[in-house]
Amino acid sequence: CCRSTLRETVWACPCSAGFCIAAFAQGTDQGRDLSKYADDSFGEDDKYHVETPYQTVSVSQVRRNAKIKNVIVLIGDGMGLEQISTGWTLNGGHLNMDNFKYAGYSRTYASDRLVNDSSSGGTGVSSGIKTKYGYIGVDDDGNPVPSLLHYAQSLGKKTGVTVTCRINDSTPADFVCHSTDRHEEEQIASQYIGCGVDFLSGGGLKFWKERSDGRDLVEEMKKDGYTFVDDLEGVRSFKGDKFLGLFAPLDMDPVLDRGPVLRETARKAIEVLDNKKGFFLMIEGSQIDDWAHRNKVGYMAEELFEFDKIIGDVLQWAEKDGHTLVIVTADHATGGLTLIDGSLENREVKVHYSTKGHNGIVVPVFAYGPHAEDFVGVYENAELSRRIHALMK
Ligand code: ZN
Ligand code: MG
């Protein structure tokens, strides 16, 4: 969360993106200037209208008992059913998520707290255990636990992570790193050295290059064979097999300003990772959470739309491939969002938020691909992880 001076005064940052309300009120966000987003220039905070909806895709189901070669996990940070329903209404009653025929519910609580954070929530999904609030890839006693990504590596599969937050923030780190303190971001960033992940993309460059220990992690990764990319042109022209993309000093800007970085890196990741032994890829819609924290429905919806467009791309690819399990879920919901009015015909919503933090209700799990029916039911986030683990060969 918060800068060190605020850390003592805030009980714990509820946010996966690492900002705290106090910092936001001053127009800063881990040093990121968000003042231009703080006014009403982008609609009212609790109302939004979409002029032109985007086209969604339609995919058919693949052979149920086919072997699973690839696993793609898409995490909408803070994306509860309420966020999805809001986006669905705004897009005129269509989302790519409508393609899922198998759905379940994931209980997200942490081992020591009912309402979790992205560290504990993501560790549930990544590593098959419940852990404490603020813990990343470790159990209650602080012992490192392997993630689905690590398991995929042990099977000889290629692996990737692409997000729009700092890559050393909780959700991506839950799949690669281990820490009992999510705020130790320099330390977490250094764990990417030697991690062996083939495709890494996000923000957070500051923690890689402007470090208190003087190390330059980008240079270290280059020595390790990675191509470093920091703009869309670099993504488009990339041809190698070890990708490191860091596109912002901290979190990336909102989607209308940053452009289709996540969508293009997600496509590129699949292209780079696809191989005969298969791959594991985690794609995060990181900033649905951020704007739900700030109770700004327009920005939140645009992040959800970007994430849903990526889901459409992934489903179309998985339909052709036939051996890819696609899971869409969330680490928790955010904002206590309620859809109180709106119109499908006019693509508008009016919402109410009850908190600037997270809330503790079950989140959806959507599954597509071979064995998708295994994900029907009500279960813990850790159980979701164990079910994916059991299917990965
Ligand atoms: Zn959050
Ligand atoms: Mg996150």
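Count residues from 1 along the sequence. Order of listing sets the numbers, starting from 1, for every ligand and every atom in it.
- Residue side and main chain included, H332 places no N/O/S atom under 2.8 Å of the Zn ion (ligand 1).
- H293 contributes NE2 as its N, O or S atom closest to the Zn ion (ligand 1).
- Checked against a 6.0 Å centroid threshold, the rings of F243 and F199 count as neighbours.
- For Y353 and W291, the ring centers are positioned 6.0 Å apart or more.
- Here E284 meets the criterion, with an N, O or S atom under 2.8 Å of the Mg ion (ligand 2).
- Cation-pi contact between K101 and Y368: absent, since separation from the ring centre below 6.0 Å together with deviation from the ring axis within 45° is not met.
- Using bins of under 30°, 30° to 60° and over 60° for the plane-to-plane angle, the ring pair F305/Y54 lands in the perpendicular bin.
- Counting non-hydrogen atoms of other residues, nucleotides and ligands closer than 6.0 Å to NZ of K277 gives a total of 12 or fewer.
- Angle subtended at the Mg ion (ligand 2) by D77 OD2 and T171 OG1: 90°, rounded to 10 degrees.
- One of the N, O or S atoms belonging to D289 lies under 2.8 Å away from the Zn ion (ligand 1).
- Residue side and main chain included, D289 places no N/O/S atom under 2.8 Å of the Mg ion (ligand 2).
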